[in-house]
Amino acid sequence: MKTAISASSPTASAAMRPHSAHWGVFRAGWQEGVLTVQPHPGDPDPNPLIRNFTTALNHRARVTTPMVRRGWLERGPGPDERRGHDAYVPMAWNEVLDRLAGELARVRDRYGARAVFGGSYGWSSAGRFHHAQSQVHRFLNTALGGYVRSVNSYSAGASAVILPHILGSMDDVARRNVTWEQIVEHTDVVLSFGGMALKNSRVASGGISRHIERESMARAAARGCRFVSVSPLRGDMPAESRAEWMAIVPGTDTALMLGLAYELVTKGLHDRAFLATYCDGWESFEAYLLGRADGVPKTPAWAAALCGLSATAIQDLARSLAGKRVLVTVAHALQRAEHGEQPVWMGAVLAALLGQIGLPGGGYAYALGTLAHYGKRTNAVPVAALPQGTNGVKDFIPVARIADMLLRPGTEFDYNGKRHVYPHIRLAYWAGGNPFHHHQDLGRLARAFRTLDTFVVHEIGWTATARHADIVLPCTMTLEREDIGAAPTDPLMVAMHRIAPPHGQARDDYDIFADLAERLGTRDAFTEGRTSAQWLRHLYERTRAALAERGLEAPDFDTFWERGEMLLPQQADDGGILRAFRDDPAGKPLPTPSGRIQVSSPVVQGYGYADCPGHPAWLAPHDAPTEDHPLYLVANQPATRLHSQLDFGAHSVENKRRDREVCTMHPLDAAHRDIAEGDIVELYNARGRCLACVTLSEAIRPGVVQLPTGAWYDPAQDDEMSHRPFCVHGNPNVLTRDAGTSALAQGCTGQLTVVQVRRYDGPLPPVRAFDPPVPAPLPAQSGTSADSA
Ligand SMILES: Nc1nc2c(c(=O)[nH]1)N[C@H]1C(S)=C(S)[C@@H](COP(=O)(O)OP(=O)(O)OC[C@H]3O[C@@H](n4cnc5c(=O)[nH]c(N)nc54)[C@H](O)[C@@H]3O)O[C@H]1N2
Ligand SMILES: Nc1nc2c(c(=O)[nH]1)N[C@H]1C(S)=C(S)[C@@H](COP(=O)(O)OP(=O)(O)OC[C@H]3O[C@@H](n4cnc5c(=O)[nH]c(N)nc54)[C@H](O)[C@@H]3O)O[C@H]1N2
Ligand SMILES: [Mo]
């Protein structure tokens with residue numbers, strides 16, 4: 001093939017080649033044997049995360065050969081207590097694929113595809129073709145006839161379900177709504193719940209070429225736009241925004257919003273005409289707000305006591321909003337918590353009573369500032385994705401109910417107005433995600449995975465998920481293959497060139513699945529006769545044809561590949577469905593039951609869920625501070641990596657201290673506990689404990705500690721089997737609760753929990769998260785061969 005790129009070798013000095021990651025578009029190449037990366041020259045605010053690539057390629061944490069857990073080899077498939085602390089035996093590709101194909105056929109024939117979980121949630125890497133989740137879904141559909149799937153995401157588990165009841169789809173409310181361009185020009189006040197941290201908004205699945213959030217906030221502020229950040233952390237808003245900081249008690253935003261609404265309504269500062277024309281169900285909500293329904297008026301003083309703010313501050317803020325072009329934003333983080341539906345809904349109601357929804361730069365932009373996708377224009381031509389085929393299995397789970405499903409097969413669960421039953425899973429297949437990063441209560445999750453017959457994982461590195469698997473297949477990382485990079489809200493389509501040869505015996509997910517499909521007699525259905533290179537051309541053609549149809553320059557694939565990138569046309573900045581509805585409420589109704597904004601929802605009311613009533617409400621959390629666990633823990637997104645990806649990379653490692661993740665604490669909380677800057681601390685609660693290195697800061701609300709996610713789970717050896725794991729590296733998910741947001745959405749609640757913290761004076765256990773397992777000898781009777789295929 002004319003465009004094939006010969007693999008660069010670490011010794012050859014080659015030109016910088018284009019590539020794309022979720023954290024940005026960049027160029028990479030070898031300079032004197034060292035991998036060098038440069039951001040895209042057009043990017044005004046490049047993401048430092050690209051530096052994690054520079055040391056990643058041949059890192060010792062990579063998986064180099066297929067490995068099989070010894071207990072699985074010795075005793076065959078079945079529930080096993082040793083998962084997570086067993087030895088691994090290297091195996092040749094041919095043999096491991098024979099055994100895996102046999103096991104897939106056994107499970108399919110004995111239990112049916114309903115016993116296979118292919119949810120496989122995770123971000124994997126940015127290319128459109130090698131997207132691992134699409135690959136595994138396509139494989140399971142074609143080879144087994146389907147799999148039990150998961151719905152929604154860890155990002156937006158609650159909002160994805162509540163938003164369609166009250167406004168419209170996630171895409172319409174988060175993606176195609178108010179843009180940064182409009183904020184720069186029109187907005188008077190951005191009232192942001194959870195802030196708009198640049199660390200977050202420089203990430204988007206597929207890759208973004210221009211990170212404009214910092215300059216947009218600076219330009220808006222220079223024009224006089226006021227930013228108010230409601231958050232336990234001051235750093236959730238960049239300095240350029242000149243934001244006022246309201247240091248709220250975590251989990252109490254709904255109460256604050258109610259207090260603001262009360263002040264506006266009782267002072268007659270709300271937009272009655274907007275409520276009458278565009279909203280449904282105001283009366284029952286107003287009865288609740290004013291206390292006619294429950295005897296509790298939601299006054300600023302009532303809110304202040306819950307939120308840890310002053311009643312005067314709440315009153316002043318409310319009054320300062322009336323009559324202004326106000327944009328309310330609510331970060332994803334707020335809904336990744338108990339009753340997460342409420343702040344999402346109440347944010348919309350607050351924006352509605354300010355009457356600005358649908359105006360340029362005003363109203364409600366759910367999740368703006370949490371990902372680089374939001375606040376951007378949408379592309380006018382499609383970018384193809386790998387088709388996944390048809391799933392013959394109807395069963396599904398809300399994605400964060402994985403441990404419930406594995407531990408309680410056959411029991412019922414609620415979801416969005418219906419009752420469903422957890423299927424009995426025998427085999428789980430994961431490619432492109434790390435449940436020991438993303439899930440909560442890792443001790444419980446480890447128990448859940450021990451119930452399986454077989455757990456298969458494709459990985460680039462020895463994550464804790466790989467270390468709990470029975471079959472670990474080494475796959476290439478993005479720099480080791482060719483792909484097409486594109487996001488639906490970025491005009492740059494990128495020819496992702498190969499930068500390095502595969503590490504060890506790693507193979508592309510696609511080639512692994514193709515060879516497995518061969519053994520199951522379904523190769524043609526999976527590949528459609530195409531190689532990876534042919535798939536890229538096939539997927540590219542969809543975009544090329546759409547460009548040609550519009551009479552635009554539509555270069556052929558080879559030209560695109562040589563140029564390295566292509567600019568795509570974008571749609572007008574038209575405000576999406578909310579603007580259309582404002583301009584023509586009768587002609588362009590919202591996709592809700594009433595066609596209007598549902599301030600109350602008779603449909604949700606009808607479900608009868610105590611934890612998600614028919615209008616937004618303050619529901620006190622169960623997971624609140626106690627005498628034993630008096631501190632809130634904010635377990636948010638890490639600034640130094642994407643989730644757990646490349647935690648062993650240069651940027652992530654350099655920002656750890658004493659090899660561990662850094663935990664932020666207020667000096668007052670530290671002084672009580674005799675903790676000093678740089679100490680190793682132990683965070684603990686009933687579910688688990690972990691170590692971290694502490695930094696003291698006044699930019700966090702007292703009573704709150706913060707530990708980002710993403711340090712690879714590293715349980716101390718003597719604790720591996722305990723029901724209360726001890727992570728020596730600083731993974732907060734040993735502490736978080738595995739409970740749904742509510743019966744409505746069953747979303748992830750990992751952002752917040754409660755803990756106690758003490759100084760750790762014991763001998764410091766080494767961090768071994770990045771040391772691969774030592775290959776074990778073959779079990780005598782298994783007759784396997786460790787030679788490579
Ligand atoms: N406590 C707490 N927990 C949280 C959150 C929180 O706020 N608090 N946030 C949640 C959120 S929003 C999210 S989105 C999740 C993220 O959870 P995940 O998306 O599961 O996290 P990642 O670390 O991105 O996992 C991707 C995995 O894919 C692997 N990978 C990369 N490329 C490839 C490839 O080409 N092929 C294969 N087979 N594998 C590949 C990587 O090595 C990595 O292990 O975490 C959630 N967990
Ligand atoms: N660098 C980096 N960027 C990322 C990611 C990453 O892993 N690394 N992940 C990406 C993904 S998949 C997603 S979904 C988004 C997630 O976007 P978010 O979920 O919004 O991101 P977080 O950083 O978890 O949380 C944002 C902030 O919310 C604040 N917060 C927490 N609880 C509360 C609360 O109860 N009230 C208020 N007012 N504030 C609260 C915290 O201070 C926190 O810093 O980020 C994306 N961006
Ligand atoms: Mo996410």
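Numbering of ligands and ligand atoms starts at 1, following listing order.
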Quiz item: Going by the angle between their ring planes, with limits at 30° and 60°, are H468 and F436 parallel, tilted or perpendicular?
Solution: parallel

Exercise. Please state whether the rings of H437 and H643 are parallel, tilted or perpendicular, taking 30° and 60° as the class boundaries.
Key: tilted

Exercise. Check whether any side-chain heavy atom of T65 sits under 4.5 Å from a side-chain heavy atom of Q505, and report yes or no.
Key: yes

Quiz item: Are R62 and W462 in a cation-pi contact, defined as NZ or CZ under 6.0 Å from the six-membered ring centre and within 45° of the axis?
Solution: no

Self-check item: Modelled atom types, side-chain donor and acceptor of S205 and H22, under 3.5 Å
Solution: no

Quiz item: Counting from 1, what ligand 1 atoms have a heavy atom of N733 closer than 4.0 Å?
Solution: 1 (N), 2 (C), 3 (N)

Self-check item: ring pair (Phe, Tyr, Trp, His ring centres under 6.0 Å) partners of F117, counting only residues at least two apart
Solution: W430

Self-check item: Per-atom contacts of ligand 1 with Q440, taking only distances under 4.0 Å to non-hydrogen atoms
Solution: 1 (N), 2 (C), 3 (N), 4 (C)

Quiz prompt | Region of M477 that comes within reach of ligand 1 [heavy atoms, distance under 4.0 Å] | solution = neither

Quiz prompt | Where G195 and S229 come nearest, the two heavy atoms and their spacing | solution = CA-OG, 3.8 Å

Quiz prompt | Atom indices of ligand 1 within 4.0 angstrom of N434 heavy atoms, with elements | solution = 20 (O), 25 (O), 44 (O)

Quiz prompt | W430 to ligand 1, any heavy atom closer than 4.0 Å | solution = no

Quiz item: Hey, which of E338, H339, E341, Q335 is the one that makes side-chain hydrogen bond (donor to acceptor under 3.5 Å, both in side chains) with T741?
Solution: E341

Exercise. Tell me which part of A132 gets within contact of ligand 1: side chain, backbone, both or neither, using heavy atoms under 4.0 Å.
Key: side chain

Quiz item: For ligand 1, which atoms, with element, lie under 4.0 Å from some heavy atom of T463?
Solution: 44 (O)

Self-check item: Polar contact flag, side-chain donor to acceptor under 3.5 angstrom, S652-N52
Solution: no

Quiz item: If you count the atoms of ligand 1 from 1 in the order shown, which ones are under 4.0 Å from a heavy atom of G432?
Solution: 26 (C), 27 (C), 28 (O), 37 (C), 38 (N), 39 (N), 40 (C)

Exercise. Specify side chain, backbone, both or neither for D509, according to which of its non-hydrogen atoms lie closer than 4.0 Å to ligand 1.
Key: side chain

Practice problem: Decide whether the shortest distance between a heavy atom of C475 and an atom of ligand 1 is less than 4.0 Å. | Solution: yes

Quiz prompt | ligand 1 N/O within reach of H458 N/O, cut-off under 3.5 Å | solution = yes

Quiz item: Pick from R210, K199, R214: which one makes a salt bridge (charged side-chain N to carboxylate O under 4.0 Å, His left out) with D45?
Solution: R214

Self-check item: Sub-4.5 Å side-chain heavy-atom contact between L97 and I512
Solution: yes

Quiz item: Any heavy atom of G461 sitting closer than 4.0 Å to ligand 1?
Solution: no

Self-check item: Distance filter under 4.0 Å to E459 heavy atoms, resulting ligand 1 atoms
Solution: 27 (C), 28 (O), 29 (C), 41 (C), 42 (O), 43 (C), 44 (O)

Exercise. I would like to know whether D738 and R444 meet salt bridge (Lys or Arg N to Asp or Glu O under 4.0 Å); could you show each step before the answer?
Key: CA-CA 8 Å; D738 184 6; R444 183 169 191 256; 2.5 Å; yes

Quiz item: Does at least one non-hydrogen atom of E480 fall below 4.0 angstrom from an atom of ligand 1?
Solution: no

Quiz prompt | Sole residue of Y366, Y154, F193 in ring pair (Phe, Tyr, Trp, His ring centres under 6.0 Å) with H332 | solution = Y366

Mind listing the N or O contacts between ligand 2 and protein, cut-off under 3.5 Å?
residue	atom	partner	partner atom	Å
ligand 2	1 (N)	K199	O	2.9
ligand 2	1 (N)	P638	O	2.8
ligand 2	3 (N)	K199	O	2.9
ligand 2	7 (O)	H643	N	2.8
ligand 2	8 (N)	P638	O	2.9
ligand 2	8 (N)	R641	O	2.9
ligand 2	9 (N)	Q637	OE1	3.4
ligand 2	9 (N)	H643	NE2	3.3
ligand 2	19 (O)	A333	N	3.0
ligand 2	19 (O)	R336	NH1	2.9
ligand 2	19 (O)	R336	NH2	2.9
ligand 2	20 (O)	A333	N	3.2
ligand 2	21 (O)	N200	ND2	2.9
ligand 2	23 (O)	K199	NZ	2.6
ligand 2	23 (O)	N200	ND2	3.0
ligand 2	23 (O)	Q637	N	3.2
ligand 2	24 (O)	Q637	N	3.1
ligand 2	24 (O)	Q637	NE2	3.2
ligand 2	24 (O)	Q751	NE2	3.0
ligand 2	35 (O)	G251	N	2.7
ligand 2	35 (O)	D253	OD1	3.4
ligand 2	36 (N)	D253	OD1	2.6
ligand 2	36 (N)	D253	OD2	3.4
ligand 2	38 (N)	G194	N	3.4
ligand 2	38 (N)	V230	O	2.8
ligand 2	38 (N)	D253	OD2	2.7
ligand 2	42 (O)	S231	OG	3.4
ligand 2	42 (O)	D236	OD2	2.4
ligand 2	44 (O)	D236	OD1	2.6
ligand 2	44 (O)	D236	OD2	3.1
ligand 2	44 (O)	N636	ND2	2.8
ligand 2	45 (O)	T370	O	3.2
ligand 2	47 (N)	N200	O	3.0

Quiz item: Should you measure from each heavy atom of I460, which atoms of ligand 1 turn up under 4.0 Å away?
Solution: 42 (O)

